[in-house]
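Scroll down for the structure; my scribbles are underneath it.
For this chain, numbers begin at 1 and follow the sequence in order.
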Amino acid sequence: MNAKAKKYLRKGIKILLWIIGSVIGLFLLIVLLIQIPYIQNIVKEKAVSYLEGKIGTDVQINRIEIGLPKKVIVEGVYFESQQGDTLLAGEKLAVDISLLKLLSNEVEVNSIQLKGIVANVKRNKDSVFNFDYIINAFASDKPADTTSEPMKISIRKVNLDNIRVTYNDATTKNDISAKLIHFDTRIKKFDLDKMDFEIPKINLDGLKVRLEQGMLDEVANSTQETAEKASSQPDLKLDLKDISIANIDIGYDNQESRMDTKLLLKKMNIKVNKIDLKTQLIDLDNFELQDVKGQLALGKFEKQVQEELPEATTAVQSSQWKFKLATAEIENVNFKFDDNNSAPVTKGIDYKHLDITKLNVKAKELSYTPEAISGEIAALSVKDKSGLDLQELRTDFFYGPKGAELNGLYIKTPQTLVQDKLVVSYPSLESIQENIGELGVDANIKGSRIGFKDVLLFVPTLANTNPFKGNPNGTLLISSRVQGKVKDIYIPNLEISGVGTTRIAASGHIKGLPNVQTAYFDMNIREFKSTAKDINMFVPAGTIPNNIQLPSALSAKVKFKGTLKNFDTDLNLASSFGNAKVKAKFDQRNKDNERYYADAELTNFDVGSLIKNDSIGKVTLKATVKGRGLNPQTANAEIKANLVQAEFNSYTYKDLIVDGKINNGAFEATAN
């Protein structure tokens, strides 16, 4: 290279360096100047003048601070609508944004802070929003460039304080007012291209919302459309972690459905393990709810008219959502429900007029799938205005396609205590509707009691039937062990008492239910104690014939084996009328050829009082009967009796021995 060329090269390099240095210096000068309040005030005035000239309404900005390359702060903002009222006003808007990345079509927001923001949004009957004129003012006539790459957007932190928003929609007749005290969140991943979002923290403290809704059908349709669109976009990834919500006040009123709802919530914390929209899974680690007060009232309709919702799509119908919750704690929930289209009931739980108070729940390992529901309720208590007072409920529960289980069951009210296990099984729910005999039962109810008052809460129609009619505050004590299927069931133990002086202790085996007429019974009633008063209270009116008077007190031991038409029985009775022992066999499967055998012993038994016949008194008797047929015209039987003593027409007869036969209706007897 000659000397002349070198000279030009050096000058060229100097010029290039001077240009680069000038550009850098100019940029630094701009950065420096833009930090000066005077320059920032000029920028603010230019911005206000430009905006007012562009949109044609008043605009105010008290202060703009631009700190290159990231910080933008705007204070004292005011936008006026074309109607002359406030469209948007704000105390402070601070954005930490990488301004230089805007040149590469990328929006990187490190933080957004809004404070003291007021927004009033309206839509008129022509579906025109009160901010549409601003959008139209900045709209370009040039067609959108669909070939350029989409802008990448990322957000890291959001902080909102004292936000007030109103929305009035004359088209759908929906009016909303919301006041937010504080909201902050931290976003770890915000990828719009891949619809992938990771939000490890959400904190909301203080929210008051009032919603007045008019056109319910339109909203319901749009809600269903939104749900269907969400179900058809399973690629959305939403990774949430800790959600904290406190001091919520929500009110909802719908003129069409005449629904009025209010909800006050003190505290709710949610810790999320996983939300997977693709596999339709919601997995929560913890759920806490504290101090909730709510109400739902349905107004009275003059005429019940409701349009049907559009038919759900296949995607919605085939949804298979699954839910898991490791631990849950709910404290002091109070909720009132009134359906004013239904008159209040005077007795029992009124499901159309509930007033639930002091609902408390502690649970863990809750799981829901379309096939099964399971979990452990460690403690549940609730009250209702009807008188329901569930003091404690504990159980491990499971419900699936082939059965349901309540293990470790403990239900306690002031009148009732039920424990400890109830398991049912079945091939399918459809199958047991056709054949209840396939229903399997494994129950162990020990040391339990059933308060009639609680039963009448759920089934008040029983109040006029025995035993509830004569003893509405009674308590039934029960201990029972039951195993097997309905068609082949074992009862190792059954003990019932508590109503009057009645007590039953039994065990047995029953085959062939639910058909009682053909079922086979092998029962051992170890103890049966009762009174005439108790029995008349238990059995339906008219069951006991008018010419029968039950003893005032009785106890019995009974063994029964066979069917109702063919059985063996052994009865040992002690009563206030006297004692009786009966061993008998009876087979009535063949009409007019029935077979029977009885060995009976009466000891000082007041037969007259039993059959209400004053002519007969106490009887002591030993007798054996064996025969065929019950038709008096064709019966054949042998009778041997020893009438030890009997009272008849004020006379006492003793030592009468009878040996007789019945042959085709003719009776022959030898008495001694």
Side-chain angles (χ1 to χ4, degrees), residues 174-176 207-217 219-220 223-224 227 245-268 287-309 323 325 328-363 366 368 373 375 377 379-393 397 411 413-414 416 453-463:
N174 294 319
D175 297 334
I176 303 173
L207 175 64
K208 185 175 183 179
V209 178
R210 292 294 179 268
L211 170 59
E212 294 183 3
Q213 198 171 67
M215 301 176 69
L216 181 63
D217 294 332
V219 174
T223 302
Q224 180 166 323
I245 299 175
N247 300 313
I248 304 299
D249 182 354
I250 297 176
Y252 171 78
D253 183 23
N254 184 279
Q255 296 299 323
E256 251 184 37
S257 64
R258 303 195 178 185
M259 180 185 296
D260 183 15
T261 304
K262 292 181 176 62
L263 178 67
L264 297 174
L265 185 151
K266 184 69 174 178
K267 178 182 176 183
M268 181 171 70
F287 177 81
E288 295 181 19
L289 187 63
Q290 189 178 93
D291 294 333
V292 177
K293 186 176 182 180
Q295 72 174 54
L296 171 60
L298 302 178
K300 194 169 185 179
F301 290 96
E302 295 180 4
K303 187 176 182 181
Q304 195 84 14
V305 178
Q306 184 175 357
E307 295 183 11
E308 293 185 0
L309 292 175
F323 176 80
L325 177 56
E329 186 167 352
I330 300 173
E331 294 183 10
N332 194 29
V333 174
N334 304 274
F335 190 80
K336 188 175 182 180
F337 170 71
D338 284 298
D339 184 352
N340 294 310
N341 297 285
S342 175
V345 300
T346 57
K347 296 181 179 179
I349 296 179
D350 189 347
Y351 296 99
K352 297 294 183 71
H353 299 275
L354 294 171
D355 190 357
I356 295 173
T357 58
K358 297 183 180 179
L359 172 62
N360 298 280
V361 181
K362 289 184 179 180
L366 300 176
Y368 166 82
I373 305 173
I377 298 177
L380 187 153
S381 60
V382 66
K383 291 184 177 182
D384 178 66
K385 67 176 183 180
S386 61
L388 174 67
D389 184 4
L390 180 58
Q391 296 175 328
E392 187 172 1
L393 167 62
F397 67 92
I411 302 176
T413 74
T416 297
K453 184 177 180 180
D454 290 332
V455 176
L456 294 175
L457 276 176
F458 292 95
V459 195
T461 53
L462 294 176

Taking C-beta and beyond as the side chain, do L207 and N247 meet within less than 4.5 Å on heavy atoms?
-> no
Are F397 and L366 close enough that some pair of their side-chain heavy atoms sits under 4.5 Å apart?
-> yes
Kindly compute the distance separating CG (L390) from CD1 (I411), expressed to the nearest 0.5 Å.
-> 7.5 Å
Correct closest heavy-atom pair for N332 and N360 would be N-OD1, 2.8 Å
S381 and L393, any side-chain heavy atoms less than 4.5 Å apart | no
Evaluate the side-chain proximity of L296 to F335: yes if any heavy-atom separation is below 4.5 Å, no if none is.
-> yes
Any chance you could measure L264, atom CG, to Q295, atom CD, to the nearest 0.5 Å?
-> 9.0 Å
Taking the side chain from D175 and the backbone from E212, do they hold a donor-acceptor pair closer than 3.5 Å?
-> no
Any idea which heavy atoms bring K385 and H353 closest together, and the distance?
-> CE-O, 2.9 Å
Which heavy-atom pair separates D384 from D355 by the least distance, and what is that distance?
-> OD1-N, 3.0 Å
Hey, are the side chains of D249 and V209 touching, using non-hydrogen atoms and a 4.5 Å cut-off?
-> no
Value for NZ (K266) from CG (L289), rounded to nearest 0.5 Å, stands at 13.5 Å
Could you pull out all residues at least two apart from E392 that satisfy side-chain hydrogen bond (donor to acceptor under 3.5 Å, both in side chains)?
-> R394
Decide yes or no for E288 and Q290: does some side-chain heavy atom of the first lie under 4.5 Å from some side-chain heavy atom of the second?
-> no
Please name all residues satisfying side chain to side chain contact (heavy atoms under 4.5 Å, CB included) with D389, sequence neighbours left out, ordered by chain then number.
-> K383, Q391, P414
How long is the gap from NZ on K262 to OH on Y252, to the nearest 0.5 Å?
-> 13.0 Å
For I349 and S386, which heavy atoms make the closest approach, and how far apart are they?
-> CG1-OG, 3.5 Å
How close do F287 and M268 get, heavy atom to heavy atom, and via which atoms?
-> CE1-SD, 3.7 Å
Could you check if a side-chain atom of L462 sits within less than 4.5 angstrom of a side-chain atom of V455, using non-hydrogen atoms only?
-> yes
Would a distance-only check, ignoring hydrogens and angles, find a side-chain to backbone donor-acceptor pair under 3.5 Å from D350 to V345?
-> yes
Do T413 and D454 get their side chains close enough for a donor-acceptor pair, meaning under 3.5 Å?
-> yes
Examine distances only and state if a side-chain atom of N340 and a backbone atom of L298 form a donor-acceptor pair shorter than 3.5 Å.
-> yes
